[in-house]
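This report refers to the structure that appears directly beneath it.
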Amino acid sequence: MSGDQLHNDSQIEADFRANDSHKHKDKHKDREHRHKEHKKDKEKDREKSKHSNSEHKDSSEKKHKDKEKTKHKDGSSEKHKDKHKDKDKEKRKEEKMKSSSGDIKIKKEKENGFSSPPRIKDEPDDDGFYTSPKEDSKPLKRPREDDEWEEERYPEGIKWKFLEHKGPVFAPPYEPLPENVKFYYDGKVMKLSTKAEEVATFFAKMLDHEYTTKEIFRKNFFKDWRKEMTSEEKSTITNLSKCDFTHMSQYFKAQSEARKQMSKEEKQKIKEENERLLKEYGYCVMDNHKERIANFKIEPPGLFRGRGNHPKMGMLKRRIMPEDIIINCSKDSKIPAPPPGHKWKEVRHDNKVTWLVSWTENIQGSIKYIMLNPSSRIKGEKDWQKYETARRLKKCVDKIRNQYREDWKSKEMKVRQRAVALYFIDKLALRAGNEKEEGETADTVGCCSLRVEHIKLHPELDGQEYVVEFDFLGKDSIRYYNKVPVEKRVFKNLQLFMENKQPEDDLFDRLNTSILNKHLQDLMEGLTAKVFRTYNASITLQQQLKELTNPDDNIPAKILSYNRANRAVAILCNHQRAPPKTFEKSMMNLQSKIDAKKEQLADARRELKSAKADAKVRRDEKSKKTVESKKKAVQRIEEQLMKLEVQATDREENKQIALGTSKLNYLDPRISVAWCKKWGIPIEKIYNKTQREKFAWAIDMAEEDYEF
DNA sequence: ACTGAGACTTAGGTCTAGCGCC
DNA sequence: GGCGCTAGACCTAAGTCTCAGT
């Protein structure tokens with residue numbers, strides 16, 4: 001049955017429309033008016049996103065090559081792999097021991113994150129208690145042969161057996177302003193109560209930001225501020241526009257200036273204090289490992305600034321007190337003490353979760369957590385698992401693609417919508433798109449929540465047929481703008497889905513993320529919409545690296561290729577950033593450096609030439625040597641110039657693209673590690689220290705022939 | 001099937017230490 | 001030794017997905 005024929009399948013369609021109208025009517029009550037704002041906003045919003053699309057060439061071609069070798073090498077849970085690995089590791093370790101002539105070298109290697117610490121830790125002291133956080137940056141321990149995997153050790157859902165920590169660090173208490181810093185209302189000095197003053201300072205600190213001029217921000221702020229005022233203040237201060245915070249603002253600017261001017265000693269003192277805090281509160285013990293905590297400091301009070309056009313911007317984020325805090329730790333641990341004179345809201349011992357501390361935030365009423373650093377075992381293992389799931393998808397993605405292509409022809413509207421949505425998620429790496437509560441957050445969408453107004457259909461555009469133009473705000477109100485040629489069937493289906501709908505109606509009115517994910521679950525265990533993003537990102541990196549790496553290139557040029565591969569992924573995932581404020585300037589600087597270098601090169605060449613001429617006449621050793629050294633100089637400068645030029649290209653191409661997010665969250669680190677090993681690129685060129693800590697498991701695990 | 005709470009990952013913006021340059 | 005810049009640390013908002021309750 002063709003798409004066109006289906007169009008006449010009146011029964012189904014009638015059913016679909018009838019159903020539809022009541023459904024989206026109440027769902028989109030006041031969307032119409034929001035829609036207008038959205039449009040306005042959208043126009044203002046950064047004109048980002050070019051977006052070229054990479055098709056799926058990948059997968060099947062590799063299928064066969066993958067086979068045996070990879071299978072037992074990385075096939076996730078198979079035990080024999082571990083023996084394998086352990087042997088390799090043993091070998092490496094031996095080499096290291098032999099070659100490392102002193103402490104310096106050992107230390108260096110540790111920092112690289114490349115090697116296991118030189119002490120023999122795989123075997124006897126595996127269960128030992130770690131004291132140095134440096135030493136245990138190995139979240140995924142390859143077990144001894146008779147050892148068990150962590151997941152096996154812990155029955156389903158159990159995340160730890162022992163957990164001890166010191167509790168959170170609270171925000172410093174409010175320090176009232178000095179007497180000479182004034183607040184004016186309606187032109188007259190006014191002394192504020194401490195509570196009102198504190199909230200006023202939040203606003204004063206933001207005065208330079210554009211959003212203090214925004215209507216919603218001001219309205220929300222003023223409403224919440226008034227709640228903190230005494231009744232006298234409340235009756236006096238009735239109009240935000242009559243409030244003058246400029247003196248306060250100047251005071252804070254002076255303060256931060258003074259902070260910059262602090263002496264070395266003072267700065268050192270602050271640094272030491274921070275280190276002390278980190279040492280005391282920044283670590284916990286989870287099952288015999290000392291682990292770094294990610295965010296042990298409680299978020300200080302302030303004014304909420306959501307991203308994009310957020311309806312709650314400007315609201316007061318209240319101060320979190322010990323009485324708000326739930327502590328999670330094990331029963332047999334030393335339970336953290338609340339600050340003197342306070343108590344915790346609750347102390348619980350839930351080892352089915354990974355968080356140490358939680359509280360409920362007052363803006364959205366959601367729960368916030370203190371959890372472990374990405375370098376921790378528990379996060380690393382989860383991360384690894386994520387990529388293993390994506391690799392499992394690789395094995396069945398062809399089947400799934402064939403299936404959804406079939407489903408475009410289904411008699412059931414629900415199935416068709418699901419199939420088209422899945423096609424977008426797969427091809428364009430869109431996010432799932434959960435429904436959001438209206439009026440609670442900025443109006444953003446993902447795949448399942450796309451509305452008719454977010455796409456335009458062009459039967460023909462710029463010489464291409466069946467083009468879909470996407471224009472919507474996604475996560476963090478980042479604009480997604482893309483024109484994509486699609487299969488005729490998809491196009492026809494979209495026309496069908498859009499029939500008789502208003503712009504503010506859901507495009508996929510019969511679909512939501514729960515339906516979609518349930519279906520995906522049936523196709524593959526553990527499959528959800530976001531796995532496609534991970535899979536497509538990683539496979540794109542692998543494929544791009546293969547394509548772009550030129551074996552004859554030097555290291556900087558290879559790194560440029562890596563960054564380009566990374567960039568292809570960032571573009572696919574629509575990871576954008578605001579161009580850095582100093583972008584133009586720094587580009588100019590770089591260009592002048594390049595120009596200078598070019599001149600230097602010209603000079604060096606001239607010198608070489610004359611030296612050659614000289615040598616020809618004189619024919620003595622000394623002048624020959626001069627020629628040699630001049631030659632070297634030219635070469636060196638050429639290299640420097642090339643490095644600069646590469647840097648300029650890289651930076652220019654990166655203007656609006658953020659590489660970090662994909663590197664950190666979507667790219668299987670083993671691909672990068674393998675690439676580094678294959679081409680002899682030091683891993684530090686690709687991953688900085690933090691990243692090496694986070695990906696320690698991969699650095700340890702992947703060999704040069706690793707295939708995603 | 002639907003809902004909301006809860007847990008956890010993903011995300012871009014901002015701040016600042018420390019590096020390279022003069 | 002001081003200065004300007006940038007990488008990377010820090011921050012916390014905003015997603016995804018699961019699960020329990022109805």
Side-chain angles (χ1 to χ4, degrees), chain A residues 46 48 157 159 171 209 256 259-261 264 267-268 270-271 274 278 294-300 302 304-308 310 312-313 317 326 328 350 352-355 358 360-361 363-374 378-379 382-383 385-386 425 430-437 440-442 444-449 473-478 512-518 520-521 526-534 537 570 573-578 580-583 585-586 589-590 593 647 651 656-666 687-691 693:
Chain A
R46 302 171 219 154
K48 289 171 164 185
K159 304 287 169 55
H209 271 110
S256 78
R259 223 171 302 131
K260 272 184 221 153
Q261 300 303 322
K264 245 189 202 145
K267 280 187 179 169
Q268 186 58 28
I270 292 174
K271 204 178 156 194
N274 283 335
L278 174 68
N295 54 329
F296 59 93
K297 288 182 183 154
I298 299 275
E299 297 171 19
F304 176 79
R305 172 50 173 148
R307 302 202 232 268
H310 198 115
K312 301 198 169 185
M313 64 170 90
K317 225 174 87 159
I326 302 174
N328 192 34
D350 182 356
K352 296 205 171 48
V353 295
T354 66
W355 55 267
S358 77
T360 302
E361 150 269 355
I363 304 291
Q364 322 272 358
S366 64
I367 308 168
K368 299 246 179 172
Y369 303 93
I370 291 181
M371 291 185 186
L372 296 192
N373 199 67
I378 205 151
K379 294 287 183 193
K382 198 81 189 294
D383 204 35
Q385 233 179 62
K386 173 180 78 186
I425 284 171
L430 300 190
R431 296 188 185 82
N434 287 306
E435 292 104 302
K436 305 167 70 187
E437 219 176 314
E440 295 292 300
T441 61
T444 62
V445 298
C447 186
C448 294
S449 50
L473 297 182
K475 180 176 178 179
D476 293 316
S477 292
I478 295 293
N512 60 39
T513 53
S514 146
I515 296 172
L516 178 67
N517 279 336
K518 228 168 259 156
L520 293 176
Q521 198 61 235
L527 186 60
T528 61
K530 85 187 185 89
V531 179
F532 281 89
R533 251 168 103 79
T534 311
C573 293
N574 200 38
H575 290 143
Q576 302 189 21
R577 62 167 185 176
K581 286 195 175 62
T582 54
F583 186 85
K585 208 169 84 192
S586 84
N589 282 348
L590 194 53
K593 263 196 210 166
Q647 205 186 337
R651 201 182 293 179
Q656 301 200 319
I657 299 169
L659 299 187
T661 304
S662 49
K663 206 180 206 178
L664 237 47
N665 300 301
Y666 289 104
Y687 290 136
N688 67 33
K689 184 163 159 282
T690 321
Q691 294 168 159
E693 278 165 17

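Chain letters run A, B, ... following the sequence lines, proteins first, then strands; residues in each count from 1.
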Would you indicate what A:K518 reaches in the nucleic acid, counting non-hydrogen atoms under 4.0 angstrom: base, sugar-phosphate, or nothing? nothing
Less than 4.0 Å between a side-chain N and a carboxylate O, is that true for A:E693 and A:K689? yes
May I have the step-by-step check of side-chain contact (heavy atoms from CB on, under 4.5 Å) for A:I367 and A:E361, ending in yes or no? CA-CA 6 Å; A:I367 308 168; A:E361 150 269 355; over 6 Å; no
Separation of atom CD1 in A:I298 from atom C1' in C:dC10, rounded to whole Å: 16 Å
In whole Å, what is the span from the NZ atom of A:K663 to the C1' atom of B:dG12? 17 Å
Tabulate atom names and distances for all N/O pairs under 3.5 angstrom spanning the protein and nucleotides 2-4 of chain C.
none

Mind checking if A:R259 touches a base, just sugar-phosphate, or nothing, with heavy atoms under 4.0 Å? nothing
Please give, in whole Å, the distance from C:dC11 P to A:F304 CZ? 18 Å
Non-hydrogen side-chain atoms of A:I298 and A:K368 separated by less than 4.5 Å: no
Remember a base hit wins even if backbone is also touched, and classify A:K159 as base, sugar-phosphate or nothing at under 4.0 Å, heavy atoms. sugar-phosphate
Just checking A:Y666: base, sugar-phosphate only, or nothing, at a heavy-atom cut-off of under 4.0 Å? sugar-phosphate
Nearest-nucleotide comparison on DNA chain B, the residue closer to the 5′ end among A:T360 and A:K379: A:T360
Candidate nucleotides B:dG12, B:dC8, B:dT10, ranked by approach to the side chain of A:I478 - the nearest: B:dG12
In a check of side chain to side chain contact (heavy atoms under 4.5 Å, CB included) between A:I478 and each of A:Q576, A:R577, A:H575, which one passes? A:Q576
Would you please say whether a donor-acceptor pair under 3.5 Å links the side chains of A:T444 and A:K436? yes
Using whole Å, report how far OH of A:Y369 lies from C1' of B:dA7. 5 Å
Return whichever of A:H209 or A:K271 has its heavy-atom-nearest nucleotide of DNA chain B closer to the 5' end. A:H209
Spacing between A:I370 atom CD1 and B:dC8 atom C1', to the nearest angstrom: 15 Å
B:dA7 C1' sits how many Å from A:D350 CG, rounded? 11 Å
Whole angstrom is fine here: how far is it from CD in A:Q268 over to C1' in B:dA17? 12 Å
When you check the side-chain N and O atoms of A:T513 and A:N434, is any donor under 3.5 Å from an acceptor? yes
Side-chain contact test, heavy atoms from C-beta onward, threshold under 4.5 Å: evaluate it for A:L430 versus A:F532 and give yes or no. no
Closest listed nucleotide, where the reference is the side chain of A:I367 and the choices are B:dA7, B:dA11, C:dA13: B:dA7
Heavy atoms, side chains only, cut-off 4.5 Å: are A:R307 and A:K475 in contact? no
Ignoring backbone atoms, establish whether A:K368 has a side-chain N or O less than 4.0 Å from OP1 or OP2 of C:dA13. yes
Could you encode protein contacts along nucleotides 15-22 of chain C as a string, one character per nucleotide from 5' to 3', using B for base contact, S for sugar-phosphate-only contact and - for no contact, with a heavy-atom cut-off of under 4.0 Å? SBBS----
Measure across A:C448 and A:N512 and return the closest heavy-atom pair with its distance rounded to 0.1 Å. SG-C, 4.0 Å
Heavy-atom closest contact (A:T528 atom, A:N517 atom, distance): CA-OD1, 3.4 Å
Separation of C:dA14 atom P from A:H310 atom NE2, nearest Å, is 5 Å
Should A:T354 be listed as having a side-chain N or O under 4.0 Å from OP1 or OP2 of B:dC8? yes
Can a side chain N or O of A:R307 be found less than 4.0 Å away from OP1 or OP2 on B:dT14? no
Residue closer to the 5' end of DNA chain C, A:N688 versus A:P300 (nearest nucleotide): A:N688
Which of parallel (below 30°), tilted (30 to 60°) and perpendicular (above 60°) describes A:H310 and A:F304? perpendicular
Below 4.0 angstrom from OP1 or OP2 of C:dA13, is there any side-chain N or O of A:K317? yes
Closest to the A:V353 side chain: B:dA7, C:dA13, B:dA11? B:dA7
